[in-house]
Amino acid sequence: GEYPPEGHRRDLLIEYLHLLNDAWRCLHDRHLVALAREMRIPMAEVYEVASFYHHFDVVRGEREAPGLTVRVCDSLSCQLAGAQELLARLPGFFSGQDVRVVPVPCVGRCEQAPVAVVRQTPVPHATPEAVVLASNRPLALIAPALAATPFVASDWAERSLPDHAGPTGYASYRAQGGYALAAALVNGERDAEAVLAAMEGSGLRGLGGAGFPAGRKWRIVREQPAPRFMAVNIDEGEPGTFKDRTYLERDPHRFLEGVLIAAQVVGTEAVYLYLRDEYHGCRALLQAELAKLRADPPCHLPHIELRRGAGAYVCGEESAMIESIEGKRGMPRLRPPYIAERGLFGRPTLEHNFETLYWVRDIVERGPEWFAGFGRHGRHGLRSFSVSGRVRQPGVKLAPAGITLRELIAEYCGGMQDGHELYAYLPGGASGGILPARLADLPLDFDTLQPHGCFIGSAAVIVLGHHDRARDAALNVMRFLAHESCGQCTPCRVGTDKAASLMQAPAWDAELLDDLAQVMADASICGLGQAAPNPIRCVYQYFAHEVGQGQPMGAPPGDLPHPHGRSLTETLPPEGAA
Ligand code: SF4
């Protein structure tokens with residue numbers, strides 16, 4: 001239960017690589033050889049893992065790591081806010097110094113775009129001057145500006161939503177009645193079956209992107225033979241998504257109580273929390289809050305391990321995350337077997353996104369009808385929209401499921417930025433497609449956007465104005481996917497790269513891109529490759545004028561995959577099959 005974990009377990013290889021990489025700012029051959037000897041595993045295994053993850057700086061020979069690395073996010077929201085200019089100007093500010101400036105994919109702070117990261121310190125709304133200032137400062141795990149991160153829950157106060165406005169530590173969480181439910185459940189004073197029924201009745205669906213009904217998932221895993229495990233996905237790598245971080249920074253124990261409740265109802269013996277490496281502040285916070293929980297536990301606790309991702313978007317896919325927790329390259333598995341049957345360490349595994357667990361306590365305490373009572377336009381529940389791009393007030397917006405983009409911008413985001421009119425939007429991050437302004441009155445929810453070739457995924461909404469082009473957004477996204485492809489299957493590895501190069505032509509080659517899109521969709525193992533054609537297809541369908549006279553492609557198929565959830569039928573076994 002300690003962090004970092006002790007011992008020489010094979011599954012801790014990535015943790016050990018982090019310790020070395022942190023100490024030396026890179027990994028030399030000698031580090032890898034020494035680690036292989038110490039762990040008594042083949043050198044090739046250590047190397048293949050170290051070289052898979054972007055955050056391990058594997059260097060050949062005796063070349064030393066640069067004294068300082070400045071990372072600048074160049075994903076879509078930061079690109080809209082001037083990341084390219086920042087990247088171009090920053091090296092000049094460090095000329096003659098031992099400083100490296102590198103572009104990196106989304107760092108999960110899109111509401112603060114553009115963002116740079118100096119060592120492990122994020123610089124929100126980065127300017128060259130602010131980055132230089134940060135580079136001379138001692139390490140600060142959480143930048144003070146984070147406290148001012150926009151977060152909207154006020155509309156719900158009169159509807160009895162809990163107050164999420166400020167950070168809540170262990171003592172104050174317990175003082176407000178926190179952990180009473182988990183303790184009652186663990187001590188046998190509450191009925192697990194009743195809790196399960198509340199979860200099923202609430203209609204809560206997986207909020208990482210796939211949208212599988214949470215209660216049904218609990219029941220399926222609960223029926224598997226023990227021992228069972230739980231793996232919690234806090235990897236949050238989808239460009240445009242930052243809701244999990246926002247909640248974690250403010251109310252970590254509401255999430256941890258959800259973990260305890262799920263672990264008790266499903267009967268899992270150990271819990272693995274997989275946190276993305278970019279969230280250094282969150283890691284420090286979770287370590288501290290877990291320590292308080294263990295020091296004064298409200299009830300018997302399961303074994304809980306906090307694991308550190310290493311910069312691989314694909315590890316947000318559930319089976320890739322499990323591979324990573326096992327200390328391997330984060331490559332998605334072929335299914336069956338489904339992870340509900342054979343997941344972590346070969347055992348039945350309950351996999352959940354952070355936010356799904358965050359809502360558990362409130363749903364059980366207030367009753368399933370409380371959660372299901374929210375909603376607009378015939379939809380039910382609450383959604384946490386991560387909104388960024390050309391809106392006045394970006395941030396996490398807790399809003400009713402089914403709200404339209406137009407309503408979201410007007411009621412929650414203060415309208416569009418000055419000088420920008422709504423042109424297009426990405427409703428679900430990198431792979432959820434791109435919709436035009438004329439479709440801004442569609443309800444935003446699971447299942448509502450599929451007929452239009454898009455999906456909501458983890459509700460990462462990126463708004464484009466009339467000075468922006470959808471084709472530039474699509475290219476940015478395709479470059480990201482090419483960078484993040486795990487390389488396991490050729491259609492994805494080669495197809496994303498080839499598509500990104502074809503998408504730079506003034507007029508797109510519709511026939512070739514259509515071929516590529518079809519092969520990627522049909523022959524990729526996981527949702528990353530299967531969903532990669534979505535931005536291309538949306539540009540042809542809605543913004544053909546931007547890419548010449550190419551023939552519009554057919555609409556994407558109805559059963560759209562999500563890169564981190566895959567289609568529902570692949571996440572869990574068919575009902576009754578287990
Ligand atoms: Fe890896 Fe892409 Fe294949 Fe997924 S589709 S397994 S990311 S190569």
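Counting starts at 1 for both ligands and their atoms, following the listed order. Fair warning: this is a prediction, and the values are worked out from it, not measured in the lab.
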Student: Below 30° counts as parallel, above 60° as perpendicular, anything between as tilted: where do the rings of H483 and H54 land?
Tutor: parallel

Student: Under the ring pair (Phe, Tyr, Trp, His ring centres under 6.0 Å) rule, collect the residues that match up with Y274, sequence neighbours excluded.
Tutor: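 Expected list: none.
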
Student: Using the salt bridge (charged side-chain N to carboxylate O under 4.0 Å, His left out) rule, collect all pairs that involve residues 268-282, keeping only residues at least two apart or in two chains.
Tutor: R276-E278, D277-R283, D277-R308

Student: Between F255 and F354, is the ring centroid distance below 6.0 Å?
Tutor: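 Aromatic pair counts; centres sit under 6.0 Å.
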
Student: With sequence neighbours left out, write down each residue that passes ring pair (Phe, Tyr, Trp, His ring centres under 6.0 Å) with F543, or none if nothing qualifies.
Tutor: Y423

Student: Evaluate F56 against L32 for side chain to side chain contact (heavy atoms under 4.5 Å, CB included), listing each step before the verdict.
Tutor: CA-CA 11 Å; F56 295 136; L32 304 183; over 6 Å; no

Student: Around ligand 1, what residues show up once you keep those with a heavy atom under 4.0 Å from it?
Tutor: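 Close residues (ligand 1, cut-off 4.0 Å): V314, P332, S485, C486, G487, Q488, C489, C492, S524, I525, C526, L528, G529.
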
